[in-house]
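First listed ligand is number 1; within each ligand, the first listed atom is number 1.
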Amino acid sequence: MRIPCPYCGERDIHEFAYLGDATVSRPDPARNDAVQAFYEYVYLRDNPAGSFQELWYHAAGCHSWLVVTRDTRTHAIFGARLASREAS
Ligand SMILES: [Zn+2]
């Protein structure tokens, strides 16, 4: 599998570290239901079959966090963009 890094170009997957689902966001610890929200954030994750957005870290390259869209059934990668663009 090869991931197209926006800075480095297409690179082998062994240069990257996988973090997980890019669609979840950390809950606010001040919420009244923070304990339940963190339980769900940490332990309850979807396992979809098909297109999925994942966070990958280019550890052996530019050290950027990427949001990679990948088909979990075929491992086909549809694209990658900088995760920092998502946060702003
Ligand atoms: Zn890179």
Side-chain angles (χ1 to χ4, degrees):
M1 204 163 71
R2 296 180 68 81
I3 294 177
C5 176
Y7 289 131
C8 307
E10 191 173 284
R11 299 298 177 118
D12 188 84
I13 195 167
H14 294 104
E15 292 187 9
F16 296 83
Y18 174 79
L19 179 67
D21 188 349
T23 63
V24 294
S25 58
R26 187 180 173 90
D28 180 358
R31 290 171 51 167
N32 289 337
D33 63 342
V35 171
Q36 181 63 29
F38 271 96
Y39 170 78
E40 293 174 8
Y41 172 73
V42 173
Y43 295 109
L44 302 181
R45 296 295 175 98
D46 292 332
N47 188 19
S51 182
F52 191 53
Q53 293 188 356
E54 304 168 325
L55 280 173
W56 289 81
Y57 178 64
H58 199 179
C62 63
H63 296 249
S64 292
W65 283 97
L66 307 178
V67 176
V68 176
T69 304
R70 178 177 69 92
D71 189 317
T72 57
R73 295 169 296 186
T74 64
H75 301 297
I77 293 180
F78 303 114
R81 59 188 185 278
L82 296 174
S84 60
R85 304 268 166 122
E86 305 290 312
S88 56

Applying a strict under-4.5 Å side-chain criterion to I, L, V, M, F, W and Y, I'd like to know whether I77 and I13 cluster together. yes
Name the atoms and distances for all side-chain donor-acceptor pairs under 3.5 Å in residues 16-23, with sequence neighbours left out.
residue, atom, partner, partner atom, Å
D21, OD1, T23, N, 2.7
D21, OD1, T23, OG1, 2.5
D21, OD2, T23, OG1, 3.2

Do L55 and V67 come close enough that some side-chain heavy atom pair is under 4.5 Å? yes
Number of protein N/O/S atoms less than 2.8 Å from the Zn ion (ligand 1)? 4
In the single-linkage hydrophobic clustering (I, L, V, M, F, W, Y; side-chain heavy atoms under 4.5 Å), do Y7 and I3 co-cluster? yes
Heavy-atom count around N32 CG within 6.0 Å, excluding the residue itself: above 12? no
Assess whether atom CG of D33 is packed by more than 12 heavy atoms of other residues, nucleotides or ligands within 6.0 Å. yes
